[in-house]
Amino acid sequence: MSRAIVHIDMNTFFVSCERLTNSELNGIPLIIGGGDRGVVASCSYEARKFGVRSAMPIHMAMKLCPQAKIMKGDMELYSRLSHDITEIIQEKAPVVEKASIDEFYLDITGMDKFYGSYRWTDELAQRITKETGLPLTFALSVNKTVSKIGTGEGKQKQNLEIPEHLVQSFLNPLSIRKIPMVGQKTFELLSRIGIRTIQTLSEMPAESLQQMIGKNGTELWKKANGIDNTPVEPYTERKSISTEHTFSQDTIDVLKLNRILQGMVEKLAYQLRAEEWLTSTVTVKIRYANFDTETKQSRVPYTSADHILTHTVTDLFTKLYQRRMRLRLIGVRFSGLVRGTYQIDLFNDTEEMLALYQAMDRMKTRYGFDAVMRCAGASFKPNTKDEILKRKK
């Protein structure tokens, strides 16, 4: 049986959320992001007509569209509305994967026998828009890759259904940039040898493609040929991530304790960015030599940036550690998590800070977490008693 996979994408989600609460924003170029040195988190279609794009520096966006209105963004609002959408979908769909704060995959295989897969999806989409007031686009096809590409095309051509026998004819004329895993460097590499459409890419030998771009070559060839067996992973909300460090000898060395805490923050914050989470609550835990345990927490604007979280953890530890007794354990926990399509706090960080985090994360991903670290946190070495990235349902 052919699978029936739906991809739902909320249209300009942040912008649409803001317009729900303020109708005066309708129809005008709108940019959600940080200050003059920040970057664009989201923008309206009216701003995109001028060339404004997500992750673009704000100052560049304002040169392209000086009449645009810039707003800070309200992650509390976006998270709440995303939760409302998720509940509506989960109530109806048999299998749901929440890919980000505004993006969902649904596996509705077999629904055509009882109701009609496209009709069912269309009625779900209408219900989401009616109950939340938020617009969306969806595409229905045989796998996640084709459905996601279909959603991108559907924003211009309305919602799409791409049955199995039409998959290749749908993909062939499109640019290779439409394939989700094709980034700028891969696009430039393939363009230099004349591969610009999905059809040309699909007709290239898979072995040659693998020699050119490495282990992802075969996967890219499969996607160009409409092949993707990736399952829709049932959605479960992660509540927190945490780590603890138990000392082999109890310590009162405050400098050492702060260095280890900074290392913990760096490791957890990298994991947040890698999995595209933001945290809103930071908790520090200490256990004294006599086993007395104390915690202290603080709310922060949604973020996954080391420098913000490190400052918060250090401040909490200073306020918490008052008894001057030896410690046997310290721990850090990030909770109140929300998903996002970006990797760090685009509302507050400058483009220089964004570039720094992206460069460090690329090195960590390629060579391992210890490949590049801040000096202050380098002394943190997880041991067997650490609870790294503990999931709490």
Side-chain angles (χ1 to χ4, degrees), residues 6-36 38-75 77-82 84-85 99-105 121-122 124-140 147-162 170 173-175 177-180 182-184 187 276 339-342 346-347 351 354:
V6 178
H7 180 252
I8 294 177
D9 189 15
M10 306 307 297
N11 300 338
T12 59
F13 182 58
F14 293 170
V15 170
S16 297
C17 291
E18 295 291 348
R19 286 175 169 173
L20 270 183
T21 60
N22 184 358
S23 61
E24 293 182 0
L25 301 175
N26 293 338
I28 67 170
L30 182 62
I31 295 173
I32 309 296
D36 293 340
V39 293
V40 176
S42 181
C43 59
S44 67
Y45 291 120
E46 294 83 0
R48 292 184 186 185
K49 291 179 180 178
F50 292 86
V52 180
R53 294 291 181 268
S54 296
M56 174 182 288
I58 290 288
H59 66 82
M60 183 182 299
M62 290 308 297
K63 287 181 180 179
L64 293 172
C65 187
Q67 69 270 39
K69 178 178 178 62
I70 299 178
M71 298 186 66
K72 179 78 169 177
D74 183 352
M75 278 303 300
L77 171 66
Y78 309 153
S79 178
R80 177 172 56 80
L81 289 171
S82 175
D84 292 344
I85 296 165
S100 71
I101 196 171
D102 61 349
E103 185 180 11
F104 305 83
Y105 289 101
T121 307
D122 186 55
L124 174 63
Q126 290 183 43
R127 180 184 170 189
I128 293 170
T129 298
K130 180 180 179 180
E131 294 190 15
T132 67
L134 297 168
L136 63 87
T137 302
F138 73 81
L140 168 66
S147 295
K148 184 173 177 65
I149 294 174
T151 303
E153 294 303 292
K155 291 183 184 296
Q156 288 77 40
K157 305 173 185 176
Q158 298 184 336
N159 301 319
L160 296 178
E161 180 178 13
I162 308 119
F170 165 72
L174 301 178
S175 167
R177 300 193 74 163
K178 300 288 186 176
I179 301 176
V182 175
Q184 183 63 29
F187 173 74
E276 295 186 344
R339 297 300 296 264
T341 54
Y342 40 84
L346 299 181
F347 299 135
E351 57 187 286
L354 175 62

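In this structure, the side chains of Y105 and I8 stay at 4.5 Å or more apart for every pair of heavy atoms. Between I128 and F138, every side-chain heavy-atom pair lies at or beyond the 4.5 Å cut-off. Between F170 and I149, the closest side-chain pair of non-hydrogen atoms falls below 4.5 Å. Side-chain contact between L134 and I85 is present, with at least one heavy-atom pair separated by less than 4.5 Å. Between V40 and I58, some side-chain heavy-atom pair lies under the 4.5 Å cut-off.
Atom-to-atom distance recorded for I162:CD1 and E153:CD is 9.0 Å, nearest 0.5 angstrom. Note that CG of L160 and CG of L140 are 10.0 Å apart. Values are rounded to the nearest 0.5 Å. Here the CG atom belonging to D102 is positioned 6.5 Å from the CZ atom belonging to F14, to the nearest 0.5 angstrom. With values rounded to the nearest 0.5 angstrom, I179 atom CD1 is found 9.0 Å from L174 atom CG. To the nearest 0.5 Å, atoms CD1 (I31) and CE (M56) are separated by 9.0 Å. Considering CG of D122 and CD of Q126, their distance stands at 4.5 Å, rounded to 0.5 Å.
For F104, there are no ring-ring contact (aromatic ring centres under 6.0 Å, His included) partners, not counting sequence neighbours. Take S44 and apply the side chain to side chain donor-acceptor pair (under 3.5 Å) test, not counting sequence neighbours, and it matches E46. With sequence neighbours left out, the side-chain contact (heavy atoms from CB on, under 4.5 Å) criterion links L77 to C17, T21, D74, R80, L81. T151 meets the side chain to side chain donor-acceptor pair (under 3.5 Å) test with H7; sequence neighbours excluded. Among residues two or more places apart in sequence or in another chain, the side chain to side chain donor-acceptor pair (under 3.5 Å) test is passed with T137 by N11. With sequence neighbours excluded, no residue satisfies ring-ring contact (aromatic ring centres under 6.0 Å, His included) with F13. Under the side-chain contact (heavy atoms from CB on, under 4.5 Å) criterion, R48 pairs with T12, C43, Y45, R53, sequence neighbours left out. Here Q67 pairs with P29, F50, C65 under the side-chain contact (heavy atoms from CB on, under 4.5 Å) rule; sequence neighbours left out. When the side-chain contact (heavy atoms from CB on, under 4.5 Å) test is applied to K69, the partners found at least two apart in sequence or on another chain are L25, I28, L30, M71. Partners of E131 under the salt bridge (charged side-chain N to carboxylate O under 4.0 Å, His left out) rule, at least two apart in sequence or in another chain, are R127. Under the side chain to side chain donor-acceptor pair (under 3.5 Å) criterion, Q184 pairs with R177, E188, sequence neighbours left out.
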Checklist entry - Where do M62 and I70 land on the side-chain contact (heavy atoms from CB on, under 4.5 Å) test, with the steps shown first? => result CA-CA 9 Å; M62 290 308 297; I70 299 178; 3.3 Å; yes
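S79 places no side-chain N or O within donor-acceptor distance of the main-chain N or O of M75, the cut-off being under 3.5 Å. Judged by distance alone, with hydrogens and angles left aside, the side-chain atoms of N22 form no donor-acceptor pair with the main-chain N or O of R19 at under 3.5 Å.
The two atoms that bring S54 and A41 nearest to each other are OG-O, 3.6 Å, heavy atoms only.
Residue pairs satisfying the salt bridge (Lys or Arg N to Asp or Glu O under 4.0 Å) criterion with at least one member in residues 6-18, sequence neighbours excluded, are listed as follows: D9-K155.
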